[in-house]
Amino acid sequence: MCLAVPGKVVAVEDGSDPLTGLIDFGGVRKQACLEYVPDVRVGEYVIVHVGFALQRLDEESALASLQLFEELGLLEEEFGDAWQQAAREAGEPAPAGAPESGSEAR
């Protein structure tokens, strides 16, 4: 599944081309392109889809969405390790070297 997920901007890489930043998605941190929201600031929330921050989002809405995504297991599905998920769904042990929860920066 490929969701548009709200996240908090924790860093903006000034001078990068394209403009990028580090986004926190409830504990999972990933780089995203910020070209569509060039005046976004650290601490603000954005909606990110396939690596692009598409628009700002107020904090209350972002946190409510992140909580719901977490409850539904959508964050793990979106950011988790695909090999580990496939093994779990097939009832097989996780592949050798697979991380516990699959995220790269929890």
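When reading the values below, keep in mind they use all heavy atoms of this one structure, side chains included, and skip hydrogens, waters and symmetry mates. We number each residue from 1, following the sequence as shown.
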Not counting sequence neighbours, which residues clear side-chain hydrogen bond (donor to acceptor under 3.5 Å, both in side chains) with Glu60? List them please. none
The side-chain contact (heavy atoms from CB on, under 4.5 Å) partners of Glu59 (sequence neighbours excluded) come to Tyr45, Leu63
ring-ring contact (aromatic ring centres under 6.0 Å, His included) with Phe25: which residues, sequence neighbours excluded? Phe79
Please report the closest heavy-atom contact between Phe69 and Ala4, naming both atoms and the distance. CE2-O, 3.9 Å
Side chain to side chain donor-acceptor pair (under 3.5 Å) contacts in which one or both residues fall within residues 34-43, not counting sequence neighbours: Asp39-Arg56
If hydrophobic clusters are built by linking Ile, Leu, Val, Met, Phe, Trp and Tyr wherever their side-chain heavy atoms come under 4.5 Å apart, do Val5 and Leu57 end up in the same one? no
From Leu22 CG over to Gln31 CD, what is the distance, rounded to the nearest 0.5 angstrom? 5.0 Å
Please name all residues satisfying side-chain contact (heavy atoms from CB on, under 4.5 Å) with Ala53, sequence neighbours left out, ordered by chain then number. Leu34, Val37, Val46, Val48
Verify, without hydrogens or angle tests, whether Ser65 (side chain) and Ser61 (backbone) share a donor-acceptor contact under 3.5 angstrom. yes
To the nearest 0.5 Å, atom CD1 of Ile47 lies from atom CG of Leu54 at 7.5 Å
Sequence neighbours left out, what pairs pass salt bridge (charged side-chain N to carboxylate O under 4.0 Å, His left out) with at least one residue falling in residues 10-24? Asp24-Arg29
Hydrophobic clusters here meaning ILVMFWY residues chained together by side-chain heavy-atom distances under 4.5 Å, can you tell me if Val28 and Leu72 are in one? yes
Minimal non-hydrogen separation, Leu66 against Pro6, with atom names: CD2-O, 3.2 Å
Quick one: does Val42's side chain get under 4.5 Å of Val12's, heavy atoms only? yes
